[in-house]
Amino acid sequence: MRPEVLNPLFADVTALKGVGPRLAALVQKAAGPRVVNVLFTRPHALIDRSSRPKIADAAPGAIATMEVRVDKHHPAPVKRAPYKVICSDETGFITLVFFHARADYLARALPEGSTRIISGRVEEYGGARQMTHPDHIVDPAENGALALFEPVYPLTAGLPASVMRKAVQGALSRTPRLDEWQDAAWLEKNGFPSFNDALERLHTPQSSADLSPSAPALLRLAYDELLSNQLALALIRRSRKKSAGRPFKARGALKAKALQALPFTLTRAQDAALKEIEADLAAEDRMVRLIQGDVGSGKTVVAFLSATLVIEAGAQTALLAPTEILARQHLETLAPIAEKSGVAVEVLTGRDKGAARTEKLARLKAGEINLLIGTHALIQEDVAFKDLGLVIIDEQHRFGVQQRAALTAKGWRADLLVMTATPIPRTLALTAYGDMDASAIREKPPGRKPVDTRAIPVERIDEVIGAVSRVIKRGDQVYWVCPLVEESDQLDLTAAEERYRHLHSVFGDKVGLVHGKMPAAEKDAVMERFHKGALSLLIATTVIEVGVNAPNAVVMAIEHAERFGLAQLHQLRGRVGRGDKAASCLLLYKGPLGETAAARLKILRQTQDGFKIAEEDLRLRGAGDLLGAAQSGFPNLLFADYAAHGELLLAARDDAALIVGKDPELKTPRGEALRTLLYLFSRDNAIRLLRAG
Ligand code: ADP
Ligand code: MG
């Protein structure tokens with residue numbers, strides 16, 4: 001149950017003064033459904049009303065706040081003409097201009113002969129000063145009502161800034177005094193204000209410094225948010241661990257056979273990851289582990305070796321891949337090792353139908369299949385294992401929590417191993433995957449040549465086509481990725497189709513086209529033709545399947561590379577250079593390059609390390625962008641910033657671990673206060689776990 005003290009904050013926004021049903025819809029659109037959402041809306045800018053010039057000194061175009069005498073009203077002479085009010089001070093005149101004015105309102109707000117403080121943008125019109133619709137008109141007796149620095153909030157069409165500002169102030173005044181959940185010594189050490197004072201300061205900034213990510217008030221709120229996030233994850237992780245797994249105690253005979261069957265030895269990083277997994281599998285607790293590693297770092301092999309331990313102990317393993325092609329590719333990679341080590345492996349996808357499928361499912365049920373690789377088809381209801389002990393998910397971000405759970409539910413206390421080829425910075429991993437243990441494979445198998453990466457202005461496209469032509473003549477293959485056109489799949493497609501026609505006219509039927517609008521089966525068919533070598537040049541929008549292997553693909557050309565994100569470019573580059581042939585990545589760009597785009601292309605030329613690239617990406621873009629499109633499962637942070645608050649995040653993680661260690665049920669006074677914190681930041685799902693025991 002949510003603590004009652006929070007009720008005023010969890011009321012509908014209509015509870016706020018001045019927010020009727022019509023405005024409520026707009027406030028909800030801009031901020032969220034409840035008062036707390038309004039309270040947690042962060043101002044993104046300030047209007048500085050501290051400039052107090054005389055009329056003659058007011059600079060046109062600037063915001064000015066001036067004390068003036070109201071001289072004369074000139075109501076609109078004809079409809080649609082503006083209503084004007086002439087004001088003055090000892091230095092000159094200024095005309096206040098109102099369109100669609102309500103005369104009675106203006107008569108009350110600006111009585112002739114009175115003195116008023118006006119604030120707004122000064123304009124020059126026909127050599128005279130004027131101000132259209134002043135933002136503020138106040139009686140000097142109420143001067144205090146006019147803030148020197150006015151916070152600016154994100155709005156939505158039709159929502160006046162003044163309404164939003166008032167709503168925020170209303171939310172602020174409804175905020176109860178809450179018991180402190182942070183450690184007193186920590187607050188003191190950092191010079192952080194209380195929660196209430198921090199919010200007050202956030203919404204009543206005294207200078208633009210108050211909006212900076214390093215302002216004490218913002219740091220305090222950021223820390224609250226990060227702690228709520230880390231605490232929730234720590235609680236989830238703890239409850240997961242408590243839900244017993246099963247100890248797989250394999251002697252490792254099967255693993256040894258498999259290792260012998262491998263034509264190479266494991267890298268140190270692979271070995272380390274495998275050891276961590278082995279320990280997890282042998283433990284009573286359930287394994288929930290993530291392996292991060294660039295494409296080609298050898299995750300699949302590690303996954304297979306992990307499976308051998310479970311299989312030796314008599315249980316089965318499922319390997320879920322996001323696409324048909326990837327599933328088949330895994331089978332291709334693993335079948336030879338599986339055969340040599342005596343592991344029965346099968347693949348199940350949407351293509352399996354009828355009697356063959358029925359027969360496969362029967363063998364699965366009978367335990368005759370040790371390792372089943374497949375797509376979403378694995379999740380179908382009639383797929384039953386004899387004893388599923390390990391679930392492995394490849395490209396985990398392509399699957400939802402439910403899909404993961406649905407597959408795991410086919411087993412009994414099944415362990416879970418998830419893999420991703422999209423390395424993310426440590427800080428992000430803590431937030432996104434804080435509920436899992438993580439292994440990173442940062443090292444590549446030996447002998448991999450770096451992909452020769454070059455940035456080439458698009459004006460030199462003919463040279464690139466010449467190079468492509470030489471590569472194709474040699475019998476090698478080329479990917480050609482077409483530009484991403486913002487917010488328009490249609491334009492994306494047109495660009496790709498145009499390039500296809502163009503290159504088709506040069507290279508003929510060796511050219512294929514694949515794009516996101518194609519039916520999945522058609523897409524798969526084209527990819528497969530490329531994979532088999534029937535196509536030499538594949539034109540694609542960014543849909544090229546993650547991880548698809550074409551050993552003879554040696555060139556990745558990317559048009560308008562300046563429009564892609566760093567991580568995305570790195571992912572695309574990872575499609576080539578998987579065999580032993582020298583590979584190159586040609587980044588065609590349209591100049592002049594902006595600073596960030598130039599930095600991105602430079603980093604890409606300098607390093608092939610996905611982890612390093614991810615860190616740089618975060619630095620260049622900020623987390624918002626980084627997370628937006630490509631990833632899911634990252635909490636949207638209101639106050640904290642992954643790039644600016646990395647240190648705070650680490651502190652929050654340690655703090656959360658300490659709290660869960662000392663007060664796992666959140667029963668101490670601080671624990672009670674922390675429950676309130678979890679509710680405030682909508683992390684209360686973790687509290688339900690507490691009650692479940
Ligand atoms: P990932 O799943 O991380 O993309 P894979 O497991 O598919 O990578 O490995 C990519 C390729 O590298 C495969 O052909 C695999 O056989 C090979 N490979 C994996 N580990 C090693 C290693 N230690 N030494 C040499 N080659 C390796
Ligand atoms: Mg893989």
Side-chain angles (χ1 to χ4, degrees), residues 255-256 258-277 289-308 317-323 325-341 343 345 347 371 373-375 390-399 417-424 438-451 479 527 531 544-554 556 567 570-581 583 608-611 613-614:
K255 186 186 88 176
L259 279 171
Q260 260 174 7
L262 287 179
F264 47 74
T265 52
L266 295 185
T267 62
R268 267 210 324 262
Q270 284 174 313
D271 204 41
L274 185 59
K275 289 227 162 67
E276 288 173 325
I277 295 165
R289 181 170 289 277
L290 167 77
I291 309 184
Q292 282 193 83
D294 263 331
V295 167
S297 59
K299 298 182 296 296
T300 311
V301 177
V302 171
F304 178 76
L305 292 166
S306 309
T308 62
T317 297
L319 169 54
L320 179 63
T323 65
I325 300 190
L326 276 174
R328 296 199 179 278
Q329 195 173 293
H330 282 319
L331 180 71
E332 239 166 80
T333 315
L334 297 178
I337 326 167
E339 193 178 337
K340 282 188 197 149
S341 42
V343 169
V345 54
V347 69
L371 169 61
I373 302 172
T375 55
L390 173 63
V391 169
I392 304 174
I393 312 232
D394 193 20
E395 301 302 339
Q396 65 88 29
H397 59 274
R398 303 272 296 262
F399 298 96
L417 185 63
V418 305
M419 308 198 281
T420 177
T422 312
I424 57 172
S439 306
I441 303 186
R442 289 196 72 146
E443 182 188 2
K444 301 250 171 71
R448 292 279 163 83
K449 291 185 207 84
V451 177
Y479 286 108
M527 296 296 291
H531 182 55
I544 299 184
E545 302 295 345
V546 186
V548 163
N549 213 351
N552 289 323
V554 296
M556 167 65 66
H570 175 64
Q571 284 290 320
L572 289 171
R573 179 172 61 178
R575 291 319 107 83
V576 297
R578 294 164 155 221
D580 36 22
K581 294 180 183 171
Q608 317 258 331
D609 179 343
F611 286 90
I613 286 170

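Just follow the structure's listing: the first ligand is 1, and inside any ligand the first atom is 1.
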If you measure from [atom1] on [X] to [atom2] on [Y], what distance do you get to the nearest 0.5 Å?
X	Y	atom1	atom2	answer
L305	I337	CG	CD1	7.5 Å
S306	K255	OG	NZ	9.0 Å
I441	M419	CD1	CE	9.0 Å

For [X], take its heavy atoms, then give the atoms of ligand 1 lying under 4.0 Å from any of them.
X	result
T267	23 (N)
T265	22 (C), 23 (N), 24 (N)
V301	6 (O), 19 (C)
V295	4 (O)
L266	23 (N)

Please state which part of [X] comes within less than 4.0 Å of ligand 1, counting heavy atoms only: side chain, backbone, both or neither.
X	value
D294	backbone
T300	both
Q270	side chain
V302	neither
E395	neither

**Q.** Closest heavy-atom pair and its distance - A440, F611
**A.**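 Between these two residues, the closest heavy atoms are CB-CZ, 3.8 Å.
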Are [X] and [Y] packed together at the side-chain level, in the sense that at least one heavy-atom pair is separated by less than 4.5 angstrom?
X	Y	result
V391	L320	no
I291	I277	yes
L266	L259	yes

Is [X] in polar range of ligand 1, meaning some N or O pair under 3.5 Å apart?
X	value
T333	no
G296	yes
G298	yes

Q: Return yes when S297 approaches ligand 1 closer than 4.0 angstrom through a heavy atom, no otherwise.
A: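 Heavy atoms of S297 do come under 4.0 Å of ligand 1.
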**Q.** Under the salt bridge (charged side-chain N to carboxylate O under 4.0 Å, His left out) test, residues paired with E276 that sit two or more places apart
**A.**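 With sequence neighbours excluded, E276 shows a salt bridge (charged side-chain N to carboxylate O under 4.0 Å, His left out) to R289, given in chain and number order.
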Q. Salt bridge (charged side-chain N to carboxylate O under 4.0 Å, His left out) with K275: which residues, sequence neighbours excluded?
A.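 So K275 forms a salt bridge (charged side-chain N to carboxylate O under 4.0 Å, His left out) with D271.
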